[in-house]
Amino acid sequence: MALRATRPLPSFTPDFDQPLSVFPGVGLGWFGQSALLAHRAGHDWAQRITATQVTHIDAATLCFHMRDDVAGLAVALTVRLDPTTDVLTLSTELRNCGDDVLDISWLAAGNVPLPPDAQTVRSYGGRHNIEFQPIDDPLTRSLWRRENRRGLTAHDCFPGAIVTCADGTAYGAQLAWSGNHVQQIDWIDDGRFQWQMGEWLAPGEVRLAPGAVVQTPDMLASCAADGANGIAWNFHRAIRARLDWPGGRMAPRPVHLNTWEGFYFDHDLDALKTLASSAADLGVERFVLDDGWFSGRKDDRRALGDWWPDAGKYPDGLAPLARHVTALGMDFGLWVEPEMVNPDSDLYRAHPDWALQIGGRPHITARNQLVLDLARDGVADYLFDQIARLLADLPIGYLKWDHNRDLTAAGATPLFRRQVLAAYALMDRLRRAFPHIEIEACAGGGGRIDAGIVRHSHRFWTSDCIDAVSRVAIQRGFLQFMPPEVMGAHVGTSPAHSTGRSQSMAMRAGVALPGHFGVELDVRQVTGGDRDALRAAIVRYKALRDRLHSGRVWMGEVEPGLVWQAHGTAEDMILLVTRTQPSSLRYPPQVRLPMALAGRSYIVSRDAAPDMRCDGGWLAQMGLPLPEMRGEEVLIYRVAAL
Ligand code: GLA
């Protein structure tokens with residue numbers, strides 16, 4: 001007898017059993033969340049699969065071909081369990097088999113069960129300058145739901161979460177999508193929960209013609225007995241597998257210099273050349289010319305769309321600067337914000353109709369800019385031509401691709417998802433034409449960080465906040481879902497521009513060390529001891545980057561204001577112990593390293609401090625003794641088994 005046939009029927013229930021399905025429907029006996037909400041002018045709203053066929057695409061991938069012959073739907077749910085990452089990737093394709101338009105308001109990418117002892121869900125939110133702040137909610141019989149309607153991934157709602165069960169097992173999921181999204185966890189009648197993710201669709205956004213198909217983004221889901229650290233490891237491997245590097249593999253992540261906070265819009269060719277020389281002297285490997293270089297761009301009120309060098313700042317174009325940079329042995333990178341236009345620009349004056357807008361409604365600017373309708377005829381071609389000309393004429397190896405506002409009036413009929421797909425397509429088109437280019441995804445810092453854009457880019461600008469103390473939490477949230485090699489992490493000025501707080505060079509460099517390291521300050525002004533410290537930090541980063549960027553990452557908290565993270569393997573790791581506020585404890589606490597192997601002896605070394613020899617079981621159970629630490633400090637250890 002099939003297991004499901006043994007389940008007793010409760011009272012006050014339809015006279016047949018209705019267990020959780022991979023594609024639950026509405027209206028025909030399932031009272032939980034449906035995977036689909038759709039109708040044809042008020043008809044065919046009730047849906048339930050009438051036939052299913054399961055095929056193997058390969059050893060790791062199943063496809064559930066499902067039909068609802070009454071409502072006229074064909075669904076293909078693809079489920080891939082990657083044995084090398086333990087990550088399940090789900091996506092759903094829906095075909096309208098009826099004779100009329102199917103209006104869709106919800107289509108889950110995936111629908112996965114969670115066990116009854118799932119207790120808490122940690123999601124991440126914040127705002128510009130404070131991304132990835134953890135938000136802990138209990139799981140109860142109430143629906144847990146987070147929605148993002150800002151048109152891009154958004155600072156204030158990362159499309160992913162971690163669920164923790166009573167026994168410490170963790171489940172994680174994230175949606176690979178750079179637009180609007182929904183994540184929801186709903187209690188179901190057998191005490192379990194169902195977890196869905198998908199796009200948030202605006203009214204009328206997906207109206208499927210007869211025969212037409214809509215495809216969801218991927219939902220990545222995983223489970224780990226060792227909790228959130230296990231989920232991070234699974235996601236890191238899955239994201240590494242999604243990354244598409246020029247030449248097929250990641251080159252060591254070069255040290256960046258970014259001009260933004262050092263220069264803002266104030267570009268002076270001679271000063272920038274001296275800056276480049278000073279950066280090269282410090283060991284910088286890539287010089288990224290940020291906003292301010294293009295025609296008329298003297299502040300953030302004008303010129304987006306006019307992608308040619310400003311004749312006043314660069315009378316001979318960007319070539320003299322780019323050549324100076326490459327002659328110093330550095331790669332040259334350039335900032336662009338292709339999806340945007342300022343009303344005060346030649347582009348807007350020539351094509352005011354290219355901005356996303358709703359007739360009869362006012363233009364809503366944000367940072368004085370409007371959003372171009374990328375999928376409209378001519379727009380992507382214009383942008384491709386402008387950027388391709390720069391890439392063809394100059395020795396550019398890198399684009400920092402920004403997106404500095406949310407979407408509002410996204411077309412007379414809502415074009416949110418079309419805009420995301422068009423942005424991906426433009427990136428791909430440029431990368432096909434210039435395969436050596438790497439792209440950094442930025443949206444006012446961390447407004448477009450997700451596993452969707454990972455397929456099209458190679459680095460994230462994690463946050464516009466470079467205050468090292470604030471960065472600690474931001475980066476830890478980031479690392480829950482993304483590997484460290486794509487985490488842009490810079491040494492900024494002190495006091496930090498975003499907070500006004502000051503931190504030592506050692507603190508700033510220590511916090512940036514584990515990510516894709518860079519500097520974002522006027523290094524011409526960095527002299528004396530600070531310059532020596534920055535130079536030494538760059539040397540250290542280069543020595544450690546292969547190890548920092550290839551293995552596992554474990555994270556833990558010892559007490560409020562004292563956290564640690566280890567990168568590498570259980571036999572050999574770089575351990576960073578970071579204090580962000582003075583301790584309330586009289587004696588320094590110990591850092592327990594759960595991954596240390598009992599029975600193995602470890603050598604623990606840190607700069608000039610004498611080496612310590614510790615048993616792995618001791619490190620795991622009792623913990624590494626710490627020296628007294630300053631209120632803000634990063635200790636960098638190597639912990640290696642003999
Ligand atoms: C955004 C980015 C910054 C910088 C500015 C330029 O805010 O996050 O790093 O590039 O735009 O305008």
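Atoms within a ligand are numbered from 1 in the order they appear, just like the ligands themselves.
With contacts defined as side-chain heavy-atom distances shorter than 4.5 Å, the pair Thr365/Leu370 qualifies.
Interface atoms of ligand 1 facing Gly445, defined by a heavy-atom separation under 4.0 Å, are 8 (O). The distance from ligand 1 to the heavy atoms of Cys442 drops below 4.0 Å at these ligand atoms: 2 (C), 8 (O). Close contacts of ligand 1 with Asp291, meaning ligand atoms under 4.0 Å from a residue heavy atom, involve 6 (C), 12 (O). The Asn404 neighbourhood of ligand 1 comprises atoms 1 (C), 7 (O), 11 (O), with distances under 4.0 Å to a heavy atom of that residue.
Protein heavy atom at the shortest distance from atom 8 (O) of ligand 1 is Asp464 OD1, 2.4 Å. When hydrogens are left out, the protein atom nearest atom 5 (C) of ligand 1 is Trp260 CE2, 3.5 Å; that is the closest non-hydrogen contact. For atom 2 (C) of ligand 1, the closest non-hydrogen atom of the protein is Asp402 OD2, 3.1 Å.
The only member of His256, His490, His549 that meets ring pair (Phe, Tyr, Trp, His ring centres under 6.0 Å) when paired with His516 is His256.
A salt bridge is defined here as a Lys NZ or Arg NE, NH1 or NH2 lying under 4.0 Å from an Asp or Glu carboxylate O, and Glu440 with Arg459 meets this definition.
For Lys400, every heavy-atom contact with ligand 1 shorter than 4.0 Å involves the side chain, none the backbone. Counting heavy atoms closer than 4.0 Å to ligand 1, residue Glu440 contributes nothing at all. By the criterion of a heavy-atom distance under 4.0 Å, neither the backbone nor the side chain of Asp300 is placed next to ligand 1.
Checking side-chain atoms of Arg240 against main-chain N and O of Ser550 turns up a donor-acceptor pair under 3.5 Å.
Note on ring orientation: taking the six-membered ring where Trp is involved, the planes of Trp307 and Phe294 are tilted (angle from 30° to 60°).
In this structure, the ring of Phe287 has its center no less than 6.0 angstrom from the ring center of His324. When ring centroids are compared, Phe265 and Trp293 stay outside the 6.0 Å threshold.
For residues 461-481, the set of pairs meeting the salt bridge (Lys or Arg N to Asp or Glu O under 4.0 Å) definition, not counting sequence neighbours, comprises Asp467-Arg501.
Between Val336, Asp290, Asn129, Val288, it is Asp290 that holds the heavy atom closest to atom 10 (O) of ligand 1.
Residue His490 places every heavy atom at 4.0 Å or more from ligand 1.
Not a single N or O atom of Glu520, backbone or side chain, sits closer than 3.5 Å to an N or O atom of ligand 1.
Between the side chains of Glu438 and His458, no donor-acceptor pair is found at a separation under 3.5 Å.
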